[in-house]
Amino acid sequence: MLKVEARGSESRFWRYASPVLALLLTGVTTSLIFLAMGRPPATTVYTFLIQPLIQQDGMSALAVKAAPLIIMGVGLSLAYRANVWNIGTDGQFNLGAICGGGIALALPDLPMILLFPAVLLAGLIGGAANGGLVAWLRIRFNANEILTSLMFAYITNYLLIWLVTGPWRDPMGFGFPQTAMFSDSAAGPRLIADTNLHLGIVLAPLVAVGLWFMLEKSLLGFQFRVLGQATRAARFAGFREHRLVWIAMLISGGLAGLAGILEATGTLNQLTTTLSPGYGFTAIIVAFLGRLNPLGCIPAGLLLALTYLGGDAAQIRLGLPNAVTGIFQGILLFYLLGCDFLLLNRITWRAAAARGVP
Amino acid sequence: MTEVLVAFLVSTIVASTPLLLAATGELVVERVGVLNLGVEGMMLAGAIAAFAVAHLTATSTLGILAAIAAGVLLALIFAVVALTLQANQTATGLALTIFGRGFSALLGAGFVGIPASPLPKLRLPVLSDLPVLGPVLFSHDVLVYLALLLLCLVAWCIRRTHLGLIMRAVGDSHDAAHALGYKVLAIRYAAVAFGGALAGLAGAYMSLSYTPMWAQDMTAGRGWVALALVTFAAWRPFWLLIGAWFFGALMYLSLYVQALGLSIPSPFLSAVPYIGTVVVLVLISRDRRRIRLHRPAMLGRPFQSRT
């Protein structure tokens, strides 16, 4: 019979093997779902996961999708390590895009060298402001950050809708709910001219490396890890919990805001009523798939970016709704969390006769 | 004036019903020490299951049963990962919400834009025809009364029965409950399944009665508002009712004011229920002692039997 025993300490092997196992199980489960829907699993999985990569410009599309996910996932890794449950990064993403977009629309004629950094900075500040508000409500009023951060995702979305249908609507836009296009100097440089390979593709790995250093190599990072794993120990050690909550929310919020403004200037080139195709929730999966390690968020972000491209491919080529992306992501997170059971527990097969021996 | 008042009261009760159903389920889940953040996902699964089955079989009762089944099924996935495999409950609940949104959108793709007839309303002779009281109290559909009945049952069960005592013990000290011989995991599984059933019912109310149709993400954050309500109520059943009415009224008023055609931009009014949730959470949570007094002590903590 199957027997479960505690390992006593964390298995190093399973620490890296469990995400792989989770991915395999997710592949099997989604294949079964496709089969149940009367689709041949092999071709469907091929269309979903391989096709987007080998088609023309597949790699650059992947990089463009992955950049915001990596940036947001990195910030969340930090926050979750400290048990700060920021789940409303969509709100910080929106507010970042709104603040940066506002500068871009107000001063379109400034030279790029001035305007683009100002736009990015405004995005960062907008996201951090929303994150900071959530931190303040938690620290000052004890309000649960899970719910408040998520409510701000809805509230900022309505703010965005108001702006693009009201004061910021493009007067030449035939009444469509969108702003004017950003000027070239607001949209920022391109890695290759006339593509949407924007600066975020370079920034994302830099942010990941920077936060990895902070989390793994600095005293502040150590305090974060202790706070998350042993809150009481952190208090006895004299770490200032409030300060850590502030920093976690400001950094994860600021990075989400940066992702928002990079997405708005880099790929959309304007503000519309919906900026984030669910990046907020996807970034949570990026953080967990990356083992709450900023460097791990890079491959994790690429993989989850692929699920978006795959959802689009499945919609165009197979006529499947692109909600398949959400199912894949949800199942992946379940398996990721479930497989971590193996980190601390060993499952062995034992003959029933062995029982009863003291 | 009376008409406006009657419309206000009726709409408030209608708008509060899905919140009340989902929050009553979550309250039971949290009282046994489990935090399931997947309410939104389970509601959406319930909404599409109810609509699809009611549409295909032309029987709304079967639709309601399907919604319960869908909610329970999703809740059990959560239970396996969060209770048996002891994963982080916050993250597992989020996975459930993400999965439920995708799952409902996939199943619902073929049902978008199909109109449906709403659930039949109660018609009592004499009583339903009373002025004011008739429309406000005696003219709703079955789920409205079921929501109130379930709330009373849950309140009675938690406060006055032996089962309620066991539930509270499991939620406040699972090790002590285990030592007394109670099956902590089994009780938590049952509570999570009950929460799923009620979230499914809340979804059914959305797609069969509140707006009788299916639209992607049609619950629009109500699952999260229901979670906030449980904190607002400080885990006490009857306070849920007050909270649900408050948010129901807020949702109705934001629509009503939009219809008046005032110069307030409608996105602001649409945001009012979400802003209200933040404000209410802040007002309630600032009293740390009260929260600590009522919060189930084991909320969110995994239970591991050491024997």
Side-chain angles (χ1 to χ4, degrees), chain A residues 6 33 37 80 83 85 87 133-134 137-138 140-144 146-148 150-163 165-167 273 278 281-282 284-285 287-288 311 320-342 344-345, chain B residues 35 37 40-41 77-78 80-82 84-88 90-110 216 220-221 224-225 227-228 231 265-278 280-288 291-292 304 306:
Chain A
I33 291 177
M37 290 169 67
Y80 294 173
N83 262 340
W85 291 100
I87 68 163
L133 183 57
V134 171
L137 293 178
R138 166 165 159 176
R140 177 74 181 76
F141 300 106
N142 191 32
N144 183 329
I146 296 174
L147 293 168
T148 52
L150 193 87
M151 287 300 138
F152 283 118
Y154 287 98
I155 295 167
T156 54
N157 196 228
Y158 281 114
L159 179 65
L160 182 67
I161 291 173
W162 173 65
L163 287 169
T165 55
T273 50
F281 281 160
T282 309
I284 296 169
I285 306 174
F288 276 100
L320 282 170
N322 65 359
V324 172
T325 304
I327 295 199
F328 186 91
Q329 294 183 352
I331 293 176
L332 176 61
L333 186 51
F334 275 131
Y335 277 126
L336 274 171
L337 296 163
C339 286
D340 276 358
F341 186 69
L342 295 170
L344 293 170
N345 297 278
Chain B
L35 180 67
L37 295 182
E40 181 86 358
I77 302 178
F78 169 87
V80 168
V81 179
T84 302
L85 299 179
Q86 295 159 24
N88 179 303
T90 309
T92 312
L94 287 171
L96 188 60
T97 289
I98 297 169
F99 176 72
R101 287 173 70 172
F103 178 73
S104 62
L106 184 65
L107 283 183
Q216 202 171 326
W224 296 102
V225 175
L227 276 160
T231 309
S266 68
F268 286 167
L269 294 167
S270 304
V272 162
Y274 306 103
I275 298 171
T277 308
V278 175
V280 163
L281 267 176
V282 164
L283 291 179
I284 291 298
S285 307
R286 58 191 297 191
D287 189 352
R288 284 166 210 255
I291 292 283
R292 205 173 302 158
Q304 193 165 22
R306 283 191 183 77

Sort Leu344(A) into side chain, backbone, both or neither according to what part of it lies under 4.5 angstrom from a heavy atom of chain B.
neither
To the nearest 0.5 Å, atom OG1 of Thr90(B) lies from atom CD1 of Ile146(A) at 4.5 Å
Okay, Phe328(A) and chain B: the region with an atom under 4.5 Å from a heavy atom over there is neither
Less than 4.5 Å to any heavy atom of chain A: does that hold for the side chain of Thr277(B), its backbone, both, or neither?
side chain
Can you give each donor-acceptor pair under 3.5 Å made by side-chain atoms of residues 335-342 of chain A, sequence neighbours left out, with the distance rounded to 0.1 Å?
from, atom 1, to, atom 2, distance (Å)
Tyr335(A), OH, Thr29(A), OG1, 2.8
Asp340(A), OD1, Ser18(A), OG, 2.8
Asp340(A), OD1, Arg291(A), NH1, 3.4
Asp340(A), OD1, Arg291(A), NH2, 2.8
Asp340(A), OD2, Arg291(A), NH2, 2.6

Heavy-atom pairs under 4.5 Å with chain B are the metric here; pick the option from Leu332(A), Ile161(A), Ile327(A) that has the most.
Ile327(A)
How are the rings of Tyr154(A) and Tyr274(B) set to each other: parallel, tilted or perpendicular (split at 30° and 60°)?
parallel
Highest number of heavy-atom pairs under 4.5 Å with chain A among Leu281(B), Val278(B), Val282(B), Val81(B) belongs to Val282(B)
On a heavy-atom basis, which atom in Arg288(B) and which in Arg140(A) lie closest, and how many Å separate them?
NH2-O, 3.7 Å
What option among Gly41(B), Ala109(B), Gly221(B) has the most heavy-atom pairs under 4.5 Å with chain A?
Gly221(B)
So which of Ala87(B), Ala91(B), Ala105(B), Ala228(B) has the biggest tally of heavy-atom pairs under 4.5 Å with chain A?
Ala91(B)
Is it the backbone or the side chain of Trp85(A) that comes under 4.5 Å from a heavy atom of chain B, or both, or neither?
side chain
Residue pair Leu106(B) / Met37(A), side-chain heavy-atom distance below 4.5 Å:
yes
Part of Ser270(B) lying under 4.5 Å from any heavy atom of chain A
both
Which portion of Asn345(A) sits near chain B, non-hydrogen atoms under 4.5 angstrom
side chain
Out of curiosity, Ile285(A) CD1 to Ile98(B) CD1, how far, rounded to the nearest 0.5 Å?
4.0 Å
Under 4.5 Å from any heavy atom of chain A, what part of Arg101(B) do you find: side chain, backbone, both or neither?
side chain
When rounded to the nearest 0.5 angstrom, what distance separates OG1 in Thr97(B) from CD1 in Ile87(A)?
7.5 Å
Can you say whether Leu150(A) sits under 4.5 Å from chain B via the side chain, the backbone, both, or neither, judging by heavy atoms?
side chain
Given heavy-atom pairs under 4.5 angstrom as the criterion, report whether the side chain, backbone, both or neither of Ala220(B) touches chain A.
backbone
Mind checking the CG-CZ spacing from Leu94(B) to Phe334(A)? Nearest 0.5 Å is all I need.
10.0 Å
Sequence neighbours excluded, which residues qualify as side-chain hydrogen bond (donor to acceptor under 3.5 Å, both in side chains) partners of Ser266(B)?
none
Just so I understand: if I count every heavy-atom pair under 4.5 Å between each of Pro265(B), Gly108(B), Pro273(B) and chain A, which residue has the most?
Pro265(B)
Among Leu37(B), Leu227(B), Val272(B), Leu96(B), which residue forms the greatest number of heavy-atom pairs with chain A at distances under 4.5 Å?
Leu96(B)
